[in-house]
Amino acid sequence: MDIVQFSKEIRRQTLRCIHSQGSGHVGGSLSIVDLLAVLYSKHMRVDPSEPRKAGRDKLVLSKGHAGPALYATLALKGFFPLEWLDTLNKLGTRLPSHVNINLTPGVDMTAGSLGQGLSCACGLALANKAKGYDATVYVITGDGELQEGQNWEGAMFAANKKLDNIIVFVDCNRMQIDGYTADIMNVENIQAKFEAFGFATQRVNGHDFDALDKAICIAKSQKGVAHCIVMDTVKGKGVSFYETMGLGVHSTAVTDEQYKLALEELE
Amino acid sequence: MEMRKSYVNRLAQLMRQNDKIFVLDSDLASAGGTKPLYAEFPDRCIDVGIAEANMTCIAAGLAAEGFIPFIHSFAPFSARRAFDQIAVSVCYSEQNVKIIGFDPGITATTNGGTHMSFEDVAAMRALCNVAVLDIVDDVQIAKALPDIVNYNGPMYIRFMRKQTERVFDEDYEFTFGKADKLFDGDDITIVASGMSLIDARAAAAALRERGVSVDLLGIHTVKPLDEQAIIDSARKTGRVLTVENHSIHGGLYSAVCEVLSAQCPTLCDAVAVRDKITQVGSLDALKRDYGLSADDIIARAEGLLAKRRV
Ligand SMILES: Cc1ncc(C[n+]2csc(CCOP(=O)(O)OP(=O)(O)O)c2C)c(N)n1
Ligand SMILES: [Mg+2]
């Protein structure tokens, strides 16, 4: 499957997953799909038949509420059956709306209480160095999430310890729950902030596969420094009525009708 | 009415009368229902963004200048995420901050384990001088708010955002620190806090049908606890069952046992969460899974009734 088709299929399965529950975190799931498509088709060195394989690359989905997008990706990669996607948030499920390291094959860290992922990634990256693994730890945070001070403790640590095996992606979709991030508590200039902490940074269109791929290659080739890639994204990306829904898209319904229309758009 | 709606309507009235009240949110003003206050009181409402620890200390600073800040988030984030900030800047510093925890325990439902607080009452209760309220319905939160505003000191208040079955009618009078007597009975005492009062009431009614007379106490103030009401009831029935949407460790059960073991040793048991990892699901499914449903209350009550009195 080429990457355009792969990302469409991830979006379809993401909406299938949320539709099974009737509603959920549609916006922030769809905004990271293109990144997941690039990571899982070109970069993540993982083995679906051995999800906990030693020395693998890891992904910390710090904005843990975007679980459905990651579940769709993992299911399509063969980590577990696609049917699991229909069990989102049902009692006893392996797929809770916030990612859980112990429940889901392919999930490398629990998240959902925002702001903890980068620090956990620092620990994973340190462990990789201690064990001599040549593996990368990818982190995805939200833009609103950067308001949690712990991110900056993590950033200071990663930069000081020269954790060049960490790549942080900021999903800059410009929205949080209560409003536009710039209106609630502006986090910009994100690139300059990470730069000031000692990161090597880039800023790309988070829906441009080639730009994402190139940015990741550049980050991997630069040793001795931690990396941050700020992605300009659209919350609800890929489905017209979610893209234009405004702030409500953070957590919203996927009705039978919406699901049908979305699938048509994602043909 | 939804509890958040009832809460915010009453808070708006109180803010009109009292210009010391501040509202602080951490990106859950829309979810928690405080958003409408921003239009009416733009100078006294602040959304700090996703930064609960920061919010807590900003509130402590406002309180040190005589303001009365109400800070809001989901229960795990307002109580747990900012615990040291509450302990030092609010509690140890004796600052008059009101900490609101939405959707405690299983009422977090589909937000799942990361959002499910089974330890918030225990944590808050262990801090000195923090009053702890567990509220059951829209009437109770509205009636409690004037007392919450007038109480001078740190207070933690947990309640679910959505609509619940009503326990109290409009004539209800809230008295801080006092238990509500719902049923009078002689065979067994049931003490329930917050959301669990709804199921405890259903269980008590069902037990009455079976010929068991239940003394039912509703507890909104878990700390300071209405010790006398609990001792009086325990003396009468000799058996006390507590019911709470919280861990068995450190919450209502612990508070009741602390009182009774010292002043009136009594057979006790608890309907509470017993060291079980947090789950995701619908409220009813979670109630059954955690053994917090009316049927579970009846079963435990019958078990306790079968035991010999001490
Ligand atoms: C510590 C913590 N506080 C609050 C929340 C509730 N919450 C969930 S998602 C969210 C907004 C996240 O905004 P952003 O990071 O920009 O994510 P995105 O726009 O990608 O969905 C909030 C406040 C939480 N999960 N964790
Ligand atoms: Mg965002």
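Naming convention: chains lettered A, B, ... in sequence-line order (proteins, then strands); numbering from 1 in each chain. Every value quoted in this text rests on a predicted model; they were computed, and no experiment measured them.
In this structure, B:Y92 places its OH atom where only 12 or fewer heavy-atom neighbours from other residues, nucleotides or ligands lie under 6.0 Å away. Counting non-hydrogen atoms of other residues, nucleotides and ligands closer than 6.0 Å to NZ of A:K161 gives a total of 12 or fewer. With a 6.0 Å radius and a threshold of 12 heavy atoms from other residues, nucleotides or ligands, A:R52 has its CZ atom at or below the threshold.
Going from atom CG of A:L114 over to atom CZ of B:R81 covers 7.5 Å, rounded to the nearest 0.5 Å. With rounding to the nearest 0.5 angstrom, the CG atom of A:N100 is 8.5 Å from the OG1 atom of B:T114. The distance from the CD atom of B:Q279 to the NZ atom of A:K90 is 13.5 Å, given to the nearest 0.5 Å. Taking CD1 of A:I177 as the reference point, atom OG of B:S26 lies at 9.5 Å (rounded to 0.5 Å).
The choice from A:T93, A:L91, A:L88 that makes the most heavy-atom pairs within less than 4.5 Å of chain B is A:L91. No other option in A:G24, A:G92, A:G64 has as many heavy-atom pairs under 4.5 Å with chain B as A:G92. Counting heavy-atom pairs under 4.5 Å between each of B:D25, B:I46, B:V48, B:T109 and chain A puts B:V48 at the top.
Within the 4.5 angstrom heavy-atom criterion, no atom of A:T181 approaches chain B. Proximity to chain A involves both the backbone and the side chain of B:D27, based on heavy atoms less than 4.5 angstrom apart. Residue contact with chain B, scored on non-hydrogen atoms closer than 4.5 Å, involves the side chain of A:H25 exclusively.
Taking B:T164 as the reference, B:M3, B:D137, B:M160, B:I198 meet the side-chain contact (heavy atoms from CB on, under 4.5 Å) condition, with sequence neighbours excluded. Here A:D143 pairs with nothing under the salt bridge (Lys or Arg N to Asp or Glu O under 4.0 Å) rule; sequence neighbours left out.
With hydrogens and angles disregarded, no donor-acceptor distance shorter than 3.5 Å links the side chain of A:H98 to the backbone of B:G112.
What you find for A:S113 and B:F77 is that their closest heavy atoms are OG-CE2, 3.3 Å.
Counting heavy atoms from C-beta on, the side chains of A:M185 and B:D47 never come closer than 4.5 Å. Proximity of A:Q147 to B:E52: side-chain heavy atoms (C-beta onward) are nowhere separated by under 4.5 Å.
Chain A is approached within less than 4.5 Å, heavy atom to heavy atom, by B:L28, B:A29, B:S30, B:K35 from residues 28-39 of chain B, ordered by number.
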Sequence neighbours excluded and cut-off under 3.5 Å, please list the side-chain donor-acceptor pairs for residues 189-199 of chain A, or say none.
residue, atom, partner, partner atom, Å
A:N189, OD1, A:Q191, N, 3.2
A:N189, OD1, A:A192, N, 3.1
A:Q191, NE2, A:T201, OG1, 3.2
A:K193, NZ, A:V187, O, 2.9
A:K193, NZ, A:E188, O, 3.0
A:E195, OE1, A:T201, OG1, 2.5

